[in-house]
There are 2 protein chains.
Amino acid sequence: MTSILTVPTLDDVAQDAGVSPATVSRAINNPDKVSKDKVERIMSAIDRLGYTPNFGARFMAAKRTFTIGAIIPTMENAIFARGIQAFQEQLRHHGYTLLVSSSAYDPETEAEQVRALANRGADGILLIGYWRDQAVYDYLQHRGLPVLLAWAFAANNALTAIGFDNRAAMYRLCDLALSKGHRDVAIISGIVEGNDRAANRLKGILERLRAEGIDTDTVPVIETPYGIANGRDAFAKIMVQDKKPTVVMCGNDVLAVGAIQMATEMGLSVPQDISITGFDGIELADIITPKLTTVFVPHADMGRRAADEIVDMLEHNKPGTSQELESTIREGGSLAAPRGQDRSTAQG
Amino acid sequence: MTSILTVPTLDDVAQDAGVSPATVSRAINNPDKVSKDKVERIMSAIDRLGYTPNFGARFMAAKRTFTIGAIIPTMENAIFARGIQAFQEQLRHHGYTLLVSSSAYDPETEAEQVRALANRGADGILLIGYWRDQAVYDYLQHRGLPVLLAWAFAANNALTAIGFDNRAAMYRLCDLALSKGHRDVAIISGIVEGNDRAANRLKGILERLRAEGIDTDTVPVIETPYGIANGRDAFAKIMVQDKKPTVVMCGNDVLAVGAIQMATEMGLSVPQDISITGFDGIELADIITPKLTTVFVPHADMGRRAADEIVDMLEHNKPGTSQELESTIREGGSLAAPRGQDRSTAQG
DNA sequence: AAAAATCGTGAAAGCGCTTTCATGAATTTA
DNA sequence: TAAATTCATGAAAGCGCTTTCACGATTTTT
């Protein structure tokens with residue numbers, strides 16, 4: 001027995017309900033423009049036939065898809081997981097669907113994904129951070145697609161963004177390290193090129209150090225892609241050099257976890273022998289021993305707000321309002337006063 | 001300067017290149033059916049105009065989208081991350097795009113997502129595990145959509161699957177625990193209802209225990225959704241009871257990580273005071289102290305093979321061949337011989 | 001050299017929806 | 001009661017693509 005592949009169409013429903021296709025379409029999209037009894041008849045016909053509107057046809061005719069596209073740098077680490085999850089859930093409450101893809105931190109891939117999402121009829125797009133080729137923004141504008149940026153916030157920028165000040169947050173974390181008495185800092189940064197978040201985090205540390213009168217040219221900085229293994233390697237490289245730091249500040253939690261692992265393997269105890277800090281406040285930060293002292297970012301809140309905002313932009317066809325979120329420092333135990341420093345008050 | 005929202009269409013390209021729309025379509029989809037010079041002229045017109053085919057229109061006319069849908073239970077934990085990432089990358093090599101959505105372990109949500117993906121024109125669908133309402137399978141067959149199952153493998157099942165034997169793997173892990181001398185086992189299982197992987201993992205433990213002559217009715221089993229916090233709670237609950245186990249076997253690494261955390265907080269050292277095991281072999285397993293003794297699943301390999309297989313099914317319109325993958329036990333240090341193995345325990 | 005097969009191309013018919021426009025019925029207003 | 005609105009509905013025109021079919025031009029075969 002072969003099943004005949006015949007997906008019911010709107011016309012089938014119309015016929016079954018004894019009305020015109022136009023009325024069925026209205027019953028689905030604007031029920032209050034159709035008389036009560038017909039809506040009922042149509043709905044029961046829809047149920048009976050198991051009809052679901054064809055997405056492509058709908059898209060073609062209406063030029064709307066109730067779909068939002070999001071392009072994140074990576075799905076591998078948990079960095080974006082929680083925020084995107086919240087974004088999706090909130091989008092869903094508004095009746096929108098999320099299409100995610102990842103660019104692997106590659107600008108060209110990202111540009112390609114933007115085009116792919118546009119073709120697939122995304123009504124709006126969420127991107128991470130500010131820095132990218134102007135051509136991408138031009139393309140988006142040309143296609144009339146609203147963009148919302150997340151995971152970063154810069155005052156005075158015309159683009160709508162919902163995020164936090166990466167520079168200021170890292171500045172504060174560095175402040176904390178200095179207040180504990182650290183003066184010998186090393187940095188494991190994410191790749192800065194094309195990544196404003198990474199760049200600003202690095203900048204935040206360096207600025208704070210300079211404010212302290214520290215010559216930042218002598219501060220060891222290793223730039224490496226986010227990844228536990230990279231954090232390990234970078235840490236090992238740093239500890240091989242002559243001038244050993246008392247604290248290693250990492251561009252994110254993933255790098256920091258790698259650094260702690262390597263420190264432990266090298267027989268160094270954290271934070272007695274060396275302090276290590278992270279950034280993001282993902283789950284990992286609480287699982288590693290010792291727990292990471294890190295900047296906690298309200299990922300879920302950010303995702304929810306982003307969803308609300310982009311839907312608002314879409315439905316009211318307005319530019320959108322940027323929102324700055326607060327990040328907070330969470331002390332986990334991986335940052336303490338350097339050895340030989342007085343425990344209560346650290347004086348320079 | 002006002003940018004006029006006018007996305008170029010195939011007709012524009014045709015006009016620009018001085019050929020018919022049909023020829024442009026062919027130049028894009030079947031270049032060898034069009035003369036060399038025209039292909040060239042068309043391609044340069046496409047570049048010049050910045051044309052990209054409209055997805056909806058293409059879908060309507062061709063009824064193919066080169067899109068595969070995947071529905072995973074959750075994106076939150078890293079359980080599926082690596083496998084899906086590999087699936088996507090491999091799909092991409094074949095020229096396909098992946099559309100992922102998550103069901104939050106809810107059958108109704110899953111069924112809804114299946115319909116959503118079908119409407120969006122997915123050419124095929126990847127689902128996790130076997131157990132789901134027959135109606136879902138019927139629907140898929142009715143729409144003529146090939147399905148591939150992953151993360152599980154059952155011999156003699158007509159459905160095509162690429163995965164591993166959850167029961168057998170857990171049986172072996174339990175075997176290892178017994179061989180170290182454990183007889184008092186407690187289990188923190190994932191929710192079994194509607195989840196054949198969780199059910200089979202539990203079954204694997206119980207079967208092995210019975211084979212040892214242990215009365216499994218007295219074995220404490222807590223069923224709880226996957227999540228670190230749930231692992232913590234379950235562990236606490238188990239250790240409150242009179243009969244304390246020497247080993248707690250967890251349904252996955254996430255639960256095990258929670259259990260280890262709680263054990264540590266309760267002042268128990270793992271594995272000296274209590275052993276804990278996991279399942280999956282995700283990154284977390286290596287980060288927690290002590291590292292987890294767990295079943296390592298070749299997620300990336302599974303993802304890649306799944307991609308190859310489903311593309312093969314699609315392009316050759318054939319049923320597909322199931323593949324069983326090997327999972328291996330990886331000892332991390334969270335499982336050791338129980339205390340007082342060769343002495344009588346001083347238990348009140 | 002004639003007949004047959006092959007090839008490159010364009011015209012045109014949809015694919016399944018939404019939406020404008022026209023129309024007659026029901027309702028309100030003057 | 002007549003005129004003006006409002007309302008519910010259907011006919012029909014696309015949306016941007018693919019693909020069948022027909023046709024003349026080449027090439028191959030007889």
For this session: Indicate yes or no for a side-chain donor-acceptor contact from A:Asp123 to the backbone of A:Phe66 under 3.5 Å, with no hydrogens or angles considered.
Result: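 Side chain of A:Asp123 to backbone of A:Phe66, a donor-acceptor pair under 3.5 Å: yes, one is there.
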| Heavy-atom donor-acceptor pair, A:His142 side chain to A:Asp138 backbone, under 3.5 Å |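 No; judged by distance alone, with no hydrogens or angles, the pair does not exist.
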Would you kindly give the [atom1]-to-[atom2] distance between [X] and [N], to the nearest whole Å?
X: B:Met60; N: D:dG14; atom1: CE; atom2: C1'; result: 12 Å
X: A:Asp32; N: D:dC7; atom1: CG; atom2: P; result: 11 Å
X: B:Phe59; N: C:dC15; atom1: CZ; atom2: C1'; result: 10 Å
X: B:Lys33; N: D:dT20; atom1: NZ; atom2: C1'; result: 14 Å
X: A:Arg120; N: D:dG16; atom1: CZ; atom2: P; result: 18 Å

Item checked: Shortest non-hydrogen separation from B:Ala152 to B:Asp196 and the atoms involved ->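 Result for this residue pair: CB-OD2, 3.7 Å.
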- Task: Tell me, yes or no, whether the heavy-atom count around A:Glu315 atom CD, taken from other residues, nucleotides or ligands under 6.0 Å, exceeds 12.
- Result: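 Count over threshold, so yes.
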Counting primed atoms, P, OP1 and OP2 as sugar-phosphate and everything else as base, the B/S/- map of nucleotides 17-28 of chain C against protein heavy atoms under 4.0 Å is BBBB--------
Tell me, please, whether A:Tyr130 has A:Arg132 positioned over its six-membered ring: NZ or CZ under 6.0 Å from the ring centre and within 45 degrees of its axis?
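Relative to the ring axis of A:Tyr130, which defines the angle, A:Arg132 lies outside at least one limit.
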Short side-chain N/O contact from B:Lys38 to OP1 or OP2 of C:dG8, under 4.0 Å |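 Result: no.
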TODO: Would you please indicate if the ring centroids of B:Phe164 and B:Trp151 are separated by under 6.0 Å?
DONE: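 Judged by ring-centre distance (under 6.0 Å), B:Phe164 and B:Trp151 do not meet the cut-off.
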